[in-house]
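Below is one structure; the comments refer to it alone.
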Amino acid sequence: MSKEWPLWEVFIRGQHGMSHRHFGSLHAPDAEMAIKNARDVYTRRNEGVSIWVVKAADIAASAPSDKGPLFEPSNTKVYRHPTFFDIPDDVGAM
Amino acid sequence: MYAQMVKTASNGVKDTKEMSAEERAFQEKIDRNEKIEPRDWMPEDYRRTLIRQIGQHAHSEIVGQLPEGNWITRAPTLERKAILLAKVQDEAGHGLYLYSAAETLGVSRDELLEMLHAGKMKYSSIFNYPTLTWADIGAVGWLVDGAAIMNQVPLQRTSYGPYSRAMIRICKEESFHQRQGYAIMMKMAEGTEDQKKMAQDAFNRFWYPSLMMFGPSDGASVHSEQSMAWRIKINSNDELRQKFVDQTVPQAEYLGLTVPDENLKWNEEKGGYDFSDPDWNEFFQVLKGNGPCNHERLGARVKAWEDGAWVRDGMMAHADKKAARKVAAE
């Protein structure tokens, strides 16, 4: 059987000034074709001004089971949010 | 509905007490309306059922290009041709979004295509009917895409994250499809006597096959319960079919077309129309492969796949060669 085209993840900048956002994935033989295909598959209605593609196999991801150790510690650090501090109205906008 | 009679891989809905700890946590997550993501734990049956459902949905989008593609070269104006091209291209896009969603469940797109080509996976029964006249293109957009929207809008809230996201993108684009179909029907219905006749004829032929798209009636739909508990099916077949009829009848009246059902009657008590069932025997025959265009449709898909093999292989070989050259240069 023929070799299947590798999978690419597609990131698109929707407008100038915004960051690239994950849009989906597609198959293509190489990066150049992946960008061309991404243009046809994901930007048929002016959804983007720039495209990034990266081989899906090259993405490293955190495991769902690591959710607790990774993200829970910040729950107890409420002082990182500005609303933790009461500033009197008399001080004015801060 | 683009996925019909998806067999749920399950032996019935389990009671909370019968579930393992993992299964219970999984079900509770769904009940809280949280999404399941590709790397999360999921029951094997959930994964297998979803591959079947999303795969069948993807195949429908791709095979669905064939009856409409039939009219691209014969569209009555350049504008209609451009619109139909854009619509058919959207269907290709929808198929690709869905194949990507299915692939997150551990099956490859080529594997799914091979199963379709070998007759081991299905696509919607509706695409096994021919598009004989230009009015059929109007009827397909209005009725077939209309029925698909009915099914796909609730699926935006389905429990599986990648499927839900694909549905959201598809629904955004689908409304164009239905409106362009209805616009064709309006033009035909306002036209000459012959054009009006064509519109009515297309409506007559597509009405019952469109009702079949929602699948058999609830009593005969054996796989629903588990799929509903998993939120990969949101509404029952009959519920969606009723909604579709109630929405479509006034649209037909506006066009001055007659619904081909002498039993169609407003039922004040239930606040909806009473209507005749489609011929379920015909439906099962079409699913079995005995519809008017089953051979032609599958044949066209297999031919496209086989004829394109040398292009796919050539491009892959070129990409490998370029990559090897780059490594050698470094």
Side-chain angles (χ1 to χ4, degrees), chain A residues 1-15 18-49 51-72 75, chain B residues 22 25-26 29 35-42 85-104 107-114 161-162 165-166 168-170 172-173 176 305-306 308-324 326:
Chain A
M1 192 194 123
S2 308
K3 188 172 147 197
E4 189 164 3
W5 287 353
L7 192 67
W8 300 76
E9 297 298 331
V10 178
F11 299 81
I12 289 173
R13 186 198 298 285
Q15 299 168 37
M18 306 290 281
S19 49
H20 285 74
R21 201 167 63 84
H22 183 240
F23 244 65
S25 52
L26 50 76
H27 287 275
D30 57 23
E32 192 189 335
M33 281 308 299
I35 289 174
K36 286 195 171 118
N37 288 355
R39 177 247 187 207
D40 285 343
V41 178
Y42 292 109
T43 66
R44 291 193 302 281
R45 288 176 176 79
N46 279 323
E47 287 94 338
V49 294
I51 299 170
W52 287 352
V53 293
V54 57
K55 264 199 185 143
D58 289 339
I59 290 182
S62 65
S65 54
D66 288 342
K67 208 168 98 189
L70 284 178
F71 307 117
E72 269 165 26
N75 286 345
Chain B
E22 274 172 323
F26 173 83
K29 204 169 166 188
K35 297 286 182 228
I36 308 300
E37 294 297 341
R39 283 156 56 92
D40 292 343
W41 184 89
M42 61 186 81
L85 255 177
K87 198 226 173 219
V88 172
Q89 192 191 15
D90 270 357
E91 306 297 359
H94 295 178
L96 292 175
Y97 305 156
L98 287 160
Y99 284 127
S100 303
E103 284 189 287
T104 63
V107 64
S108 80
R109 189 174 75 190
D110 285 7
E111 280 167 352
L112 288 169
L113 288 173
E114 272 162 30
R165 292 190 283 275
I168 290 170
R169 191 166 296 136
I170 287 172
K172 253 190 219 163
E173 300 180 345
F176 146 57
W305 181 250
E306 285 173 357
W310 69 274
V311 179
R312 293 191 301 276
D313 291 346
M315 289 176 75
M316 196 67 246
H318 177 67
D320 286 344
K321 203 169 74 182
K322 261 198 323 189
K326 205 177 152 210

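A, B, ... follow the sequence lines: proteins, then strands. Residue 1 opens every chain.
One distance of note links CG of A:D58 with CH2 of A:W8; it measures 8.0 Å at 0.5 Å rounding. To the nearest 0.5 Å, atom CG of residue A:D30 and atom CG of residue B:D320 are 9.5 Å apart.
Using a 4.0 Å cut-off between charged nitrogen and carboxylate oxygen, B:K29 and B:D40 count as a salt-bridge pair. A:K3 and B:D313 are not joined by a salt bridge, as no carboxylate oxygen comes within less than 4.0 angstrom of a charged side-chain nitrogen.
For chain B, no part of A:A31 is nearby; none of its heavy atoms comes within less than 4.5 Å. For A:E9, no part sits under 4.5 Å from any heavy atom of chain B, backbone or side chain. Neither the backbone nor the side chain of A:A56 comes within less than 4.5 Å of any heavy atom of chain B. Both the backbone and the side chain of B:D90 come within contact range of chain A, judged by heavy atoms closer than 4.5 Å.
Figure legend: A:R21 and A:W52 shown without cation-pi pairing, the cationic atom not lying both under 6.0 angstrom from the six-membered ring centre and within 45 degrees of its axis.
Looking at every heavy atom in both residues, B:L96 comes nearest to B:R109 through CD2-NH1, 3.3 Å.
Ranked by heavy-atom pairs shorter than 4.5 Å toward chain A, the options B:K322, B:E103, B:E37 are led by B:E103. Between chain A and the residues B:P162, B:A323, B:A166, B:S100, the most heavy-atom pairs under 4.5 angstrom are made by B:S100. In terms of non-hydrogen atom pairs under 4.5 Å with chain B, the most contact-rich of A:S25, A:P6, A:G24 is A:S25. Between chain A and the options B:H94, B:R165, B:R169, B:K172, the largest number of non-hydrogen pairs under 4.5 Å is found for B:R169.
Looking at A:E72, its side chain never comes within 3.5 Å of a backbone N or O of A:P69 through a donor-acceptor pair. Listed for the A:H22 side chain is no donor-acceptor partner under 3.5 Å among the backbone atoms of A:F11. No donor-acceptor pair under 3.5 Å is formed between the side chain of B:W41 and the backbone N or O of B:E22.
Using a 4.5 Å heavy-atom cut-off against chain B, the contacting residues of residues 32-41 of chain A are A:E32, A:M33, A:D40, A:V41.
Residues satisfying the salt bridge (charged side-chain N to carboxylate O under 4.0 Å, His left out) criterion with B:E173, sequence neighbours excluded, are A:R44, A:R45.
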